[in-house]
Amino acid sequence: MSDQKCACSCASYSPMTWIACALGALFVLLMFFEAVTIRWWIMLPIAIVSLYLFHVQRGQTSGCEKSTCCWGFWLVIAALFLRDMCLSGQLVAAYCRMTSAGLPLHG
């Protein structure tokens, strides 16, 4: 029987993969802070750079690193969709609060 363990270690990952992982983790971490809810000018560039680096590395590597890049890419995509849904829900709630207060928001 042969062991199907990953032959590479995390220490042999490319610096681009490490940067993409760090940016992806930062984006996911920032999702949980309410103060950054509307600050897409901070979060969107972080996500875009992370996605780009994961995409580039996914095509240039193999083995565990390629798997990490693939999972990281899809994790950031899912986090973007979740963030957008949360932001949309908060905007709808704010709109409902304003209309219930009697503010004329449409002509």
Side-chain angles (χ1 to χ4, degrees):
M1 289 178 62
S2 65
D3 279 338
Q4 294 289 332
K5 292 185 179 179
C6 185
C8 62
S9 68
C10 292
S12 67
Y13 280 14
S14 163
M16 279 180 54
T17 302
W18 282 114
I19 292 169
C21 289
L23 290 174
L26 180 64
F27 178 77
V28 170
L29 180 69
L30 286 175
M31 282 180 52
F32 296 104
F33 292 104
E34 286 294 319
V36 192
T37 298
I38 306 297
R39 298 201 176 131
W40 273 103
W41 58 272
I42 293 173
M43 294 180 69
L44 199 56
I46 291 172
I48 289 171
V49 171
S50 177
L51 284 173
Y52 175 75
L53 291 176
F54 276 134
H55 177 70
V56 167
Q57 285 300 103
R58 207 169 42 167
Q60 295 179 356
T61 61
S62 61
C64 291
E65 188 172 0
K66 184 173 185 167
S67 179
T68 301
C69 289
C70 186
W71 278 100
F73 182 84
W74 289 112
L75 176 72
V76 174
I77 292 282
L80 273 169
F81 280 118
L82 286 173
R83 192 64 184 160
D84 187 46
M85 287 189 298
C86 291
L87 182 60
S88 296
Q90 289 177 358
L91 291 174
V92 167
Y95 177 81
C96 289
R97 282 192 306 269
M98 286 192 212
T99 56
S100 67
L103 295 173
L105 295 178
H106 35 322

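Note that these values count all heavy atoms, side chains included, but never hydrogens, waters or copies made by symmetry.
Considering every non-hydrogen atom in both Leu23 and Ile46, the closest pair reads O-CG2, 3.3 Å. In plain terms, the two heavy atoms of Arg58 and Lys66 that are nearest each other are O-CE, 3.4 Å. Here the closest non-hydrogen pair linking Ala20 and Ser50 is O-OG, 3.1 Å. Scanning both residues, Phe27 and Ala79, for their nearest heavy atoms gives CE2-CB, 3.5 Å.
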>> Under the criterion side-chain contact (heavy atoms from CB on, under 4.5 Å), I'd like the reasoning laid out for Trp74 against Cys70: C-alpha separation, chi angles, the key distance, then a yes or no.
In response: CA-CA 6 Å; Trp74 289 112; Cys70 186; 3.9 Å; yes

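Hydrophobic clustering (side-chain heavy atoms under 4.5 Å, transitive across Ile, Leu, Val, Met, Phe, Trp, Tyr) groups Ile42 together with Leu53. Phe81 is connected to Phe54 through a chain of hydrophobic side-chain contacts under 4.5 Å among Ile, Leu, Val, Met, Phe, Trp and Tyr, so both are in one cluster. When hydrophobic clusters are built by joining Ile, Leu, Val, Met, Phe, Trp and Tyr residues whose side-chain heavy atoms come closer than 4.5 Å, directly or via intermediates, Leu82 is grouped together with Ile48.
Scored by the side chain to side chain donor-acceptor pair (under 3.5 Å) test, Ser67 finds no partners at all (sequence neighbours excluded).
Considering only heavy atoms from C-beta on, Thr68 stays 4.5 Å or farther from Thr61 through its side chain. Inter-residue side-chain proximity for Val28 and Val76 is flagged as unmet; no heavy-atom pair is nearer than 4.5 Å. For the pair Ile77/Phe73, a side-chain contact is recorded, criterion being any heavy-atom separation below 4.5 Å from C-beta on.
Judged purely by atom type and a 3.5 angstrom limit, Glu65 uses its side chain to pair as donor or acceptor with the backbone of Ser14.
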